[in-house]
Enquirer: 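Please see the structure below; I have some questions.
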Amino acid sequence: MSLPPLKYLAVALACVLALAPARAQLPTLGDSSEMSTVAERKLGERIARELYRDPDYIDDPVLVDYVQSLWQPLLQAARARGDLTSELDDRFEWQVLLGKDRTINAFALPGGWFGLHMGLIAATATRDELASVLAHELSHVTQRHISRLVTQQNKQAPLVMAGILLAAIAAGKNPDAANAVVAGTQALAIQNQLNFSRDMEREADRVGLGVMTQAGFEPQGFAAMFEKLQQASRLNDAGNYPYLRTHPMTTERVAEMQSRQQLVARSTTPAVTTMDHALASARARVIANGGIDSLRGFAAEAEAQGLAAQPAVRQAGAYYAAAFATIKQRETAAAARWLARLKPLAAADAASARLVRLLEAELALAAGDAARALMLVDASSTSRPELLLAAQAQLEVRRAADAAQRLQTWVSTHPRDAAAWQLLARAYTAQAQPLRAIRAEAEAQVAVLDYKAAMDRFKAAQDLARRGSGAGDHIEASIIDTRARAVDSLLREQALER
């Protein structure tokens, strides 16, 4: 089954979340008994596996890191409030995947998988607005809303259920693709599953607001996001806001949220656009609009008359977008000029200065100056963007051993980091350690749930070890055998699910 691009995920949320509140256990697929959280996670993994293969999936370390700076406090707040139980915490994934689509959309899937489009990041004016969306989606999962669809479809086999969800993904903008998937899974009833329960929407609003305020975000961000969505709804949105189709704006929702926002606002500081959010939003805009004309347009915006009269955050966002866009066009001299304008504006704020420094390191790598890139990033930092940029630079200056040492330490605690595993494979190759390199390639495939591809690489490593080409690395060969057995078991489970 082929998956439509990630931009069609607009309706996935509606399909997955047309549910009822439940603290009770989930009904199992295929009978009237209750489904375990393990089974729900497996269903989510089946869909997430397809998302990783989607060409719109993107692992941008800078934006992933920024989103995580909002996501982790929300998770902590949900735990503290008791919304996120220890069982769900342990068994669900709680993973946010980014898509480079320009539409304004976010979604949740079974098993604690979440998606966020670049268009939504770009549309938010403050970190509080973005946190409000993430908190709302998180609450759909912690309140077990996703289980209702599974309950309603409890006579469908798991594979058919995954097909239903993927059909909803396709339905966002390509009805023909949706019909093909629906026909293939015999799930025409999906058309009746495309709207949220109003009660569930209100509950996700209520719980999400409590989570975000406990996490330290301003409640005005929730209200501001509502206002944007409400305005788009009044303007008869033509497709840029698929979030409205899966999260319909009703007068009841708006009134209730305005009332709740007034109750919690008290003396809190109004949500404002911070410099770091302006830069992250600018980066998202460039990624979402990667065509050559659009990239050139960012430089034109930065050159527009009157920009100098705008607030500093507005100027910084324009200069960052222009610099990042020109880096993508390999116009390194122009990018350096935009960075020169950007740096003074961001210098006073540590978070913003870091984002600018990372962008400057990206420019140095693009210009072929890996030594300068290493000077710009803290090679000892434990933050992912610095780690990956430093590793790339170290590989360029033939310091593969240094890169491998730090990357190996990182993946030991972050085994689901496919990008780190891929860089580690390059580092081992540069050191003439083919057995370790192939194993790292396999682990990168495991990280994106492609167990078949991972098994192919593990078998290649086993063949290499049997031929005596592993340079006597018996410990690594033993690890490969153990991992191969584990992945083979996962493949067998997948075969049984079919």
Side-chain angles (χ1 to χ4, degrees), residues 58-67 98-104 117-127 129-130 240 272-369 372-373 375-377 385-386 388-389 392-393:
I58 183 171
D59 179 6
D60 182 81
V62 173
L63 282 180
V64 169
D65 186 69
Y66 182 71
V67 170
L98 302 186
K100 60 184 177 183
D101 195 284
R102 72 183 67 181
T103 57
I104 296 170
H117 283 188
M118 292 293 103
L120 193 144
I121 299 175
T124 54
T126 69
R127 60 192 292 113
E129 289 180 12
L130 182 53
N240 289 328
V272 297
T273 302
T274 56
M275 183 72 74
D276 62 334
H277 185 81
L279 302 186
S281 178
R283 188 178 184 92
R285 283 194 295 125
V286 174
I287 293 174
N289 298 275
I292 187 64
D293 291 338
S294 296
L295 293 177
R296 290 172 179 169
F298 290 113
E301 290 178 15
E303 291 172 342
Q305 292 183 349
L307 181 62
Q310 296 294 318
V313 290
R314 172 72 179 85
Q315 296 180 52
Y319 293 148
Y320 186 101
F324 189 38
T326 47
I327 289 173
K328 285 186 168 293
Q329 297 173 81
R330 298 291 176 176
E331 297 176 2
T332 55
R337 290 195 296 271
W338 293 121
L339 270 168
R341 296 191 191 184
L342 172 61
K343 289 170 71 173
L345 295 171
D349 176 65
S352 303
R354 172 179 174 252
L355 290 176
V356 173
R357 191 166 56 252
L358 290 170
L359 184 62
E360 195 171 2
E362 290 181 271
L363 171 58
L365 280 174
D369 192 351
R372 174 162 175 74
M375 293 175 60
L376 289 165
V377 297
E386 281 85 352
L388 298 184
L389 277 171
Q392 293 176 57

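Along the sequence shown, residues are numbered consecutively beginning with 1.
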Enquirer: Quick one: pull up CE in Met275 and CG in Leu345 and give me the separation to the nearest 0.5 Å.
Expert: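 So the CE of Met275 and the CG of Leu345 are separated by 5.5 Å.
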Enquirer: Answer whether the closest heavy-atom distance between the side chains of Arg296 and Gln329 falls below 4.5 Å.
Expert: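 Contact flag for Arg296/Gln329 side chains = yes.
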Enquirer: Within a strict 4.5 Å, meaning less than it, do heavy atoms of the Val356 and Leu339 side chains meet?
Expert: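 Val356 reaches Leu339 side chain to side chain.
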Enquirer: Among Leu355, Leu358, Leu359, find the one that has a side-chain contact (heavy atoms from CB on, under 4.5 Å) with Arg283.
Expert: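 Filter result, single survivor: Leu359.
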Enquirer: Grab the two heavy atoms, one from Ala323 and one from Ala335, that are nearest each other, plus how far apart they are.
Expert: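 The pair with the smallest heavy-atom distance is O-CB, 3.7 Å.
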Enquirer: Is there a donor in the side chain of His277 and an acceptor in the side chain of Thr126, or the other way round, less than 3.5 Å apart?
Expert: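 Checked: His277/Thr126 side chains show no N/O donor-acceptor pair below 3.5 Å.
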Enquirer: So which heavy atom on Met118 is nearest to which on Ala288, and how close?
Expert: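 Between these two residues, the closest heavy atoms are CB-CB, 3.7 Å.
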Enquirer: Hey, are Lys100 and Asp60 close enough for a salt bridge, meaning a charged N less than 4.0 Å from a carboxylate O?
Expert: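 Looking at Lys100 and Asp60, the cut-off is not met.
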Enquirer: Under the criterion side chain to side chain contact (heavy atoms under 4.5 Å, CB included), I'd like the reasoning laid out for His117 against Leu98: C-alpha separation, chi angles, the key distance, then a yes or no.
Expert: CA-CA 6 Å; His117 283 188; Leu98 302 186; over 6 Å; no
Enquirer: So, Asp349 and Arg354, do they make that salt bridge, N to O below 4.0 Å?
Expert: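 No salt bridge links Asp349 with Arg354.
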Enquirer: Testing the basics here: between Ala125 and Thr273, what is the closest heavy-atom pair and its distance to 0.1 Å?
Expert: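 Closest approach of Ala125 to Thr273, heavy atoms only: O-OG1, 2.7 Å.
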Enquirer: Just wondering, do Glu303 and Trp338 contact through their side chains at under 4.5 Å, heavy atoms?
Expert: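 They are in contact (side-chain heavy atoms under 4.5 Å apart), so the answer is yes.
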Enquirer: What are the two closest non-hydrogen atoms of Ala373 and Ala361, and how far apart are they?
Expert: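 For Ala373 versus Ala361, the nearest heavy atoms are CB-O, 3.8 Å.
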Enquirer: Strictly distance-based, threshold 3.5 Å: is any side-chain N or O of Asn289 a donor or acceptor partner for the main-chain N or O of Arg285?
Expert: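 Yes; judged by distance alone, with no hydrogens or angles, the pair exists.
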Enquirer: Give me the atom names and distance for the closest heavy-atom approach of Ala322 to Ala299.
Expert: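 Answer, listing the atom of Ala322 first, then Ala299: CB-CA, 4.0 Å.
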Enquirer: I'd like to check Tyr319 versus Leu279 (side-chain heavy atoms, cut-off strictly below 4.5 Å). Are they in contact?
Expert: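 No, every pair of side-chain atoms sits at 4.5 Å or beyond.
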Enquirer: For Arg372 and Leu365: C-alpha separation, side-chain torsions, deciding distance, then whether side chain to side chain contact (heavy atoms under 4.5 Å, CB included) applies.
Expert: CA-CA 8 Å; Arg372 174 162 175 74; Leu365 280 174; over 6 Å; no
Enquirer: With side chain to side chain contact (heavy atoms under 4.5 Å, CB included) as the criterion, how do Leu295 and Thr326 come out once you've worked through the C-alpha distance, each side chain's angles and the decisive distance to 0.1 Å?
Expert: CA-CA 7 Å; Leu295 293 177; Thr326 47; over 6 Å; no
Enquirer: Side chains of Ile287 and Ile58: does their closest heavy-atom pair fall under 4.5 Å?
Expert: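 Side chain of Ile287 against side chain of Ile58, heavy atoms only: contact under 4.5 Å found.
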Enquirer: Ignoring hydrogens, what is the shortest heavy-atom contact between Ala280 and Ile121? Give both atom names and the distance.
Expert: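 So the minimum-distance heavy-atom pair works out to O-CG2, 4.3 Å.
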Enquirer: Rounded to the nearest 0.5 Å, what's the gap from OG on Ser281 to CG on Leu63? Could you check?
Expert: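 Going from the OG atom of Ser281 to the CG atom of Leu63 covers 9.5 Å.
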Enquirer: At what distance, to the nearest 0.5 angstrom, does CD1 of Ile104 lie from CG of Asp101?
Expert: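 Interatomic distance, Ile104 CD1 to Asp101 CG, rounded to 0.5 Å: 10.5 Å.
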Enquirer: How long is the straight-line distance from CG of Leu376 back to CD of Glu386, given to the nearest 0.5 Å?
Expert: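 One finds 11.0 Å between CD of Glu386 and CG of Leu376.
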Enquirer: For Arg357, is there an ion pair with Glu362 - N to carboxylate O distance below 4.0 angstrom?
Expert: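 Not counted as a salt bridge, because no side-chain N and carboxylate O are separated by less than 4.0 Å.
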Enquirer: Does some side-chain heavy atom of Leu120 sit less than 4.5 Å from a side-chain heavy atom of Leu130?
Expert: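 Result yes, sub-4.5 Å side-chain heavy-atom pair found.
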Enquirer: Go through it in stages, so that I can follow the logic: the residues are Glu360 and Lys343, the test is side chain to side chain contact (heavy atoms under 4.5 Å, CB included), and I'd like the CA-CA distance, side-chain angles, deciding distance and then a yes or no.
Expert: CA-CA 10 Å; Glu360 195 171 2; Lys343 289 170 71 173; 3.5 Å; yes
Enquirer: What distance do Ile327 atom CD1 and Leu363 atom CG have between them, rounded to the nearest 0.5 Å?
Expert: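 Reported value, rounded in 0.5 Å steps: 4.5 Å.
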